[in-house]
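Below you'll find the structure, written out as structure tokens, and then a few comments.
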Number of protein chains: 2
Amino acid sequence: MVGVPPTDVFSALANPVRRKLLDSLREGPRAVNDLAGQFELSRPAVSEHLQVLRHARLVREEPRGRQRYYHLEPDPLVEVRDWLHPFEHYWRERMRSLRDLLDEENNP
Amino acid sequence: MVGVPPTDVFSALANPVRRKLLDSLREGPRAVNDLAGQFELSRPAVSEHLQVLRHARLVREEPRGRQRYYHLEPDPLVEVRDWLHPFEHYWRERMRSLRDLLDEENNP
DNA sequence: CCAACGCGTCGGGAAACGTTGACGCGTCGG
DNA sequence: CCGACGCGTCAACGTTTCCCGACGCGTTGG
């Protein structure tokens, strides 16, 4: 994992650890040791997963003293949503619940 | 790629060839040689990508004489959509267009 | 019945990936 | 100023992925 990663969003999401990292960052920026505490993984391993996410532009790092806080940067996920969208056509039944959820977000 | 690993959906989507295969199958079932014609790839390579998609339950095969037609089976993509959904919260601006599209589907 | 076709699968080699221990650099506290 | 902390990165190794050529099996057409 040392070389130059392909910065592909889909590949970045292929790993469950990286997906959980993004899930955690939804609640706000967090430092590396804090994030690493959630996994049975060495800290370098988490660091390199974060590097993959950084190259995919899914996270941004902000140095704070001797720690580095990582922020979620969800924009590239639009590519996934756009690719996924034509398939929504196929499970129309579940679309209503999604629309209701979106309506709830827009008209609270 | 010879074993029988129960591939998860996210890993199946990590490869661009497999994503294009799913895109092609959106327009209807197709045979392997037909699909392989789209790529600069050997037919066995395409066959093995289809095997990955089959293990992820994203496609189904239907034998027709000496050909095998592959059908799209988009249900597992729901897992991707469900994982993605909490992040929609972050690009609210683009949510309106999605909602409008869903409204259009539901009230044609 | 036999040759050609369509396809899955195996063998194997190259490349990519994931993990760990070791090292280095900047930062903070005493 | 010095040791501890927080973190990135490298070297190395095992595992997985990706691709191809070769083979085998069932189907079809002559």
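Letters A, B, ... mirror the listed sequences (proteins, then strands); counts begin at 1.
One N or O on the side chain of A:R19 and one on the backbone of A:L13 form a donor-acceptor pair closer than 3.5 Å. A donor-acceptor pair under 3.5 Å is formed between the side chain of B:R18 and the backbone N or O of B:A12.
Closest to the side chain of A:R66, from the set C:dC28, C:dA22, D:dC7, is C:dC28. Ranking D:dA22, C:dG6, C:dT20 by closeness to the B:P44 side chain, first place goes to D:dA22. The B:E48 side chain lies nearest to C:dT9 when the options are C:dT9, C:dT27, D:dT9.
At least one side-chain nitrogen or oxygen of A:R18 sits closer than 4.0 Å to the OP1 or OP2 atom of C:dG18. Close to D:dT17, at under 4.0 Å from its OP1 or OP2, lies no side-chain N or O of B:N15. Between B:H49 and D:dT17, a side-chain N or O to OP1/OP2 separation shorter than 4.0 Å is absent. Side-chain nitrogen and oxygen atoms of A:Y70 include at least one within less than 4.0 Å of the OP1 or OP2 phosphate oxygen of D:dG8. Taking only side-chain nitrogens and oxygens, A:S42 comes nearer than 4.0 Å to OP1 or OP2 of C:dT20.
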### Task
Report the C-alpha separation of A:K20 and A:D23 in whole Å, then their side-chain angles, then the decisive distance to 0.1 Å, and conclude whether the salt bridge (Lys or Arg N to Asp or Glu O under 4.0 Å) test is met.
CA-CA 5 Å; A:K20 287 178 185 169; A:D23 283 335; over 6 Å; no

### Task
Run the numbers on A:L22 and B:W83 for side-chain contact (heavy atoms from CB on, under 4.5 Å), then give the verdict.
CA-CA 10 Å; A:L22 293 177; B:W83 181 86; 3.9 Å; yes

### Task
Might you work through the salt bridge (Lys or Arg N to Asp or Glu O under 4.0 Å) test for B:R60 and B:E62, ending with a clear yes or no?
CA-CA 7 Å; B:R60 165 177 51 95; B:E62 170 213 2; 5.7 Å; no

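If you take CZ of B:R68 and C1' of C:dG6, they are 9 Å apart, rounded to a whole angstrom. Atom NE2 in B:H55 sits about 15 Å away from atom C1' in D:dT16, given to the nearest Å. In this structure, the CD atom of B:E62 is 13 Å from the P atom of C:dG8, given to the nearest Å. In this structure, B:D8 places its CG atom 14 Å from C1' of D:dT17, rounding to the nearest Å. When the P atom of C:dC28 is taken as reference, atom CD of A:Q67 falls 10 Å away, rounded to whole Å.
A donor and an acceptor atom sit less than 3.5 Å apart, one in the side chain of B:R43 and one in the base of C:dG8. Contact annotation: side chain of A:E61 to base of D:dC7, donor-acceptor pair absent below 3.5 Å. Not a single donor-acceptor contact under 3.5 angstrom links the side-chain atoms of A:Q51 to the base of D:dC7.
Shortest non-hydrogen contact noted between B:F87 and A:P74 is CD2-CB, 4.5 Å.
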### Query
Starting at the 5' end of DNA chain D, what dot-bracket string do you get if Watson-Crick and G-U pairs under 3.5 Å are bracketed, crossing pairs use [ ], other-strand pairs use | and unpaired bases use dots?
||.|||||||||||||||||||||||||||

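For residues 29-40 of chain B, proximity to DNA chain C is found at B:A31, B:V32, B:N33, defined as any non-hydrogen atom under 4.0 angstrom from a strand atom.
Comment: A:E88 engages B:R81 in a salt bridge, judged by a side-chain N to carboxylate O separation of less than 4.0 angstrom.
Around atom CZ of B:R57, no more than 12 heavy atoms belonging to other residues, nucleotides or ligands sit under 6.0 Å away.
The distance from the CG atom of A:L77 to the CG atom of A:L72 is 7.0 Å, given to the nearest 0.5 Å.
With hydrogens and angles left out, the side-chain atoms of B:E61 and B:Y70 include a donor and acceptor closer than 3.5 Å.
Counting non-hydrogen atoms under 4.0 angstrom, B:L50 reaches nothing in the nucleic acid.
Where A:R64 and A:L41 meet DNA chain C, the nucleotide closest to each residue was compared, and A:L41 sits on the side nearer the 5' end.
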